[in-house]
**Student:** 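Would you mind keeping the following structure in view while I ask a few things?
Just the heavy atoms: all of them, side chains too, but no hydrogens, waters or symmetry mates, feed the values below. Note on naming: letters A, B, ... go to the chains in the order of the sequence lines (proteins, then strands), and numbering restarts at 1 for each one. These numbers come from a predicted model, not from an experiment.
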Number of protein chains: 2
Amino acid sequence: MTAIIERCEAKGLRMTGQRRVVAQVIGASKDHPHVEELYARASKIDPKISLATVYRTVKTFEAEGILEKLEFGDGRARYEDAERAHHDHLIDVESGQVIEFSDPDLEALQVKIAARLGYELIGHRLELLAIPIKQR
Amino acid sequence: MTAIIERCEAKGLRMTGQRRVVAQVIGASKDHPHVEELYARASKIDPKISLATVYRTVKTFEAEGILEKLEFGDGRARYEDAERAHHDHLIDVESGQVIEFSDPDLEALQVKIAARLGYELIGHRLELLAIPIKQR
DNA sequence: TTAAATGCAAAGGTTTTGCTCTGAC
DNA sequence: GTCAGAGCAAAACCTTTGCATTTAA
């Protein structure tokens with residue numbers, strides 16, 4: 001598990017103060033903040049950072065494969081560390097809580113399905129929508 | 001497989017001319033048109049229909065469970081018949097082509113995973129991103 | 001030094017909304 | 001006849017962009 005900043009340097013990205021802040025904020029996030037939220041968190045570290053820079057930074061990082069873009073259906077993009085992104089999401093539709101999981105059988109099955117259709121799998125997006133099982 | 005219009009009536013929705021047109025257009029679509037495209041197709045049938053009405057209609061239909069909202073990551077919502085939506089999508093990232101598939105094992109596995117996390121599955125969204133296997 | 005990145009504000013694209021008028025029931 | 005729905009244009013969102021200024025390498 002390499003830090004985001006290290007991967008940026010390895011890719012030869014110019015490491016500005018703002019990019020370090022965005023990298024740090026995403027690295028420290030255990031949830032799935034959208035861009036405005038990243039901006040809010042980044043602003044606490046660097047009050048001068050602009051929203052446009054946050055947008056440009058996540059886009060650059062995504063293009064380099066350092067971050068992954070998620071869409072949960074609310075019209076706002078969310079980003080997460082691509083190294084941490086090797087999992088899927090279960091969305092609790094009652095509370096909005098997002099639970100991460102990963103399942104090797106599921107991964108394997110997806111590869112198999114793609115192959116059956118004549119394709120090589122290079123990625124996937126999966127969200128399970130669910131409600132908590134009530135205990136009694 | 002019931003027609004969209006019939007399901008609207010069964011839900012007690014007021015069936016205006018515009019809603020019939022939108023229902024007809026979606027029912028006849030075998031691809032995954034976004035709203036602007038639905039509007040274009042609907043306009044051929046009813047040149048007076050407005051974009052706002054198309055937006056309001058798909059939103060209403062979605063709220064009734066008649067349509068399902070899809071997001072393929074381009075920032076535009078797409079809608080498809082919920083009865084036909086019992087499948088997933090494989091996106092050919094080279095051509096942008098979207099292939100529909102469904103796999104009972106996959107469905108079963110998802111139910112199992114949700115249960116393991118303490119949830120009851122009520123829906124899912126899955127997109128496989130893939131490239132064609134080159135033949136020689 | 002110098003090309004690349006930032007900040008700001010303005011523009012872009014998609015989706016929603018206020019208000020008046022129309023039409024389905 | 002009524003009230004939900006339609007049309008229009010304006011507004012609201014999220015995101016991108018042009019340009020002058022700053023900064024990493």
Side-chain angles (χ1 to χ4, degrees), chain A residues 4-26 32-64 66-79, chain B residues 4-26 32-64 66-79:
Chain A
I4 293 174
I5 292 180
E6 288 171 35
R7 275 174 280 148
C8 291
E9 288 167 347
K11 297 272 184 185
L13 291 182
R14 180 186 287 200
M15 290 316 288
T16 64
Q18 293 87 337
R19 286 182 175 180
R20 284 176 205 282
V21 169
V22 172
Q24 177 188 336
V25 164
I26 295 177
H32 304 85
H34 49 256
V35 182
E36 193 82 34
E37 178 61 29
L38 288 176
Y39 171 58
R41 295 180 193 180
S43 295
K44 289 184 184 169
I45 302 172
D46 172 7
K48 294 279 180 59
I49 201 169
S50 76
L51 181 57
T53 294
V54 178
Y55 269 106
R56 279 190 276 233
T57 301
V58 292
K59 203 171 192 186
T60 299
F61 288 3
E62 187 201 0
E64 293 291 342
I66 293 166
L67 297 183
E68 231 171 70
K69 188 181 186 177
L70 306 173
E71 286 178 38
F72 288 167
D74 64 352
R76 295 184 285 192
R78 292 154 192 276
Y79 290 85
Chain B
I4 294 174
I5 292 180
E6 288 171 37
R7 274 175 281 149
C8 290
E9 289 167 345
K11 296 272 185 183
L13 290 182
R14 182 186 286 200
M15 289 318 287
T16 64
Q18 294 87 338
R19 286 182 176 181
R20 282 176 208 283
V21 169
V22 172
Q24 178 188 338
V25 164
I26 294 177
H32 304 85
H34 48 255
V35 181
E36 193 83 33
E37 178 61 29
L38 288 175
Y39 171 58
R41 295 181 193 178
S43 295
K44 289 184 184 167
I45 302 171
D46 173 7
K48 296 278 182 61
I49 201 170
S50 76
L51 181 58
T53 294
V54 178
Y55 269 106
R56 279 192 274 234
T57 301
V58 291
K59 203 170 191 188
T60 300
F61 287 3
E62 187 202 1
E64 292 292 342
I66 293 166
L67 298 182
E68 232 170 68
K69 187 181 187 178
L70 307 173
E71 284 178 39
F72 288 166
D74 65 351
R76 295 185 284 193
R78 293 154 191 275
Y79 289 86

**Student:** Do B:I66 and B:L13 have side chains that approach each other closer than 4.5 Å (heavy atoms only, starting at C-beta)?
**Tutor:**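 The answer is yes, as the side chains (C-beta and beyond) meet within the 4.5 Å cut-off.
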
**Student:** Do B:V58 and B:I26 come within less than 4.5 Å of each other through their side chains, counting heavy atoms only?
**Tutor:**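 Side-chain contact under 4.5 Å: yes.
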
**Student:** Report the end-to-end axis angle of the helix from C:dT1-D:dA25 to C:dC25-D:dG1; each axis comes from five terminal pairs, and the value is rounded to 10°.
**Tutor:**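 End-to-end axis angle for the helix from C:dT1-D:dA25 to C:dC25-D:dG1: 40°, rounded to 10°.
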
**Student:** According to side chain to side chain donor-acceptor pair (under 3.5 Å), who are the partners of A:R19, at least two apart in sequence or on a separate chain?
**Tutor:**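 For A:R19 there are no side chain to side chain donor-acceptor pair (under 3.5 Å) partners, ignoring immediate neighbours.
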
**Student:** Are A:I4 and A:L67 packed together at the side-chain level, in the sense that at least one heavy-atom pair is separated by less than 4.5 angstrom?
**Tutor:**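 Yes, side chains in contact.
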
**Student:** Within residues 12-20 of chain B, find the residues that approach DNA chain D with a heavy atom at under 4.0 Å, and present them sorted by residue number.
**Tutor:**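 DNA chain D contact set from residues 12-20 of chain B: B:R14, B:T16, B:Q18, B:R19.
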
**Student:** Of all heavy-atom pairs between B:A23 and B:I5, which one has the smallest distance, and what is that distance?
**Tutor:**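 Heavy atoms only, the tightest pair is CB-CG1, 3.6 Å.
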
**Student:** Assign a letter to each nucleotide of nucleotides 11-19 of chain C from its 5' end: B, base within under 4.0 Å of a protein heavy atom; S, sugar-phosphate only; -, no contact.
**Tutor:** ---SBBBB-

**Student:** Kindly write out the residues that satisfy ring-ring contact (aromatic ring centres under 6.0 Å, His included) with B:F72, not counting sequence neighbours, or none if the list is empty.
**Tutor:**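 B:F72: ring-ring contact (aromatic ring centres under 6.0 Å, His included) contacts with B:H32, B:H89.
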
**Student:** Knowing that exactly one of B:E37, B:H34, B:E71 qualifies, which makes a side-chain contact (heavy atoms from CB on, under 4.5 Å) with B:R78?
**Tutor:**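 That would be B:H34; it is the only one of B:E37, B:H34, B:E71 passing the side-chain contact (heavy atoms from CB on, under 4.5 Å) with B:R78.
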
**Student:** Evaluate the side-chain proximity of A:R76 to A:V35: yes if any heavy-atom separation is below 4.5 Å, no if none is.
**Tutor:**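 They are not in side-chain contact.
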
**Student:** Return the set of residues passing side chain to side chain donor-acceptor pair (under 3.5 Å) with B:T60 (not counting sequence neighbours), or none when no residue passes.
**Tutor:**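 B:T60 satisfies side chain to side chain donor-acceptor pair (under 3.5 Å) with no other residue.
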
**Student:** Of all nucleotides in DNA chain D with an atom under 4.0 Å from a non-hydrogen atom of chain A, which is the first and which the last going 5' to 3'?
**Tutor:**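 Footprint of chain A along DNA chain D, 5' to 3': D:dC14 to D:dA25.
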
**Student:** Picking from A:V54, A:I49, A:I45, what satisfies side-chain contact (heavy atoms from CB on, under 4.5 Å) with A:Q18?
**Tutor:**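 With A:Q18 as partner, A:V54, A:I49, A:I45 yield a single side-chain contact (heavy atoms from CB on, under 4.5 Å), made by A:I49.
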
**Student:** Considering only heavy atoms, which members of residues 37-49 of chain A lie under 4.0 Å from some atom of DNA chain D?
**Tutor:**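 Correct list: empty, so none.
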
**Student:** Could you list the residues that satisfy ring-ring contact (aromatic ring centres under 6.0 Å, His included) with A:Y39, not counting sequence neighbours?
**Tutor:**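 For A:Y39, no residue satisfies ring-ring contact (aromatic ring centres under 6.0 Å, His included) once neighbours in sequence are set aside.
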
**Student:** Tell me, please, which residues at least two apart from A:R20 pass side chain to side chain donor-acceptor pair (under 3.5 Å).
**Tutor:**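 If we apply the side chain to side chain donor-acceptor pair (under 3.5 Å) test to A:R20, skipping adjacent residues, there are no hits.
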
**Student:** Sequence neighbours left out, what pairs pass salt bridge (Lys or Arg N to Asp or Glu O under 4.0 Å) with at least one residue falling in residues 43-60 of chain A?
**Tutor:**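 Sorted result for residues 43-60 of chain A: empty, none.
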
**Student:** By side chain to side chain donor-acceptor pair (under 3.5 Å), which residues pair with B:E64, not counting sequence neighbours?
**Tutor:**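 Residues passing side chain to side chain donor-acceptor pair (under 3.5 Å) with B:E64: none at all.
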
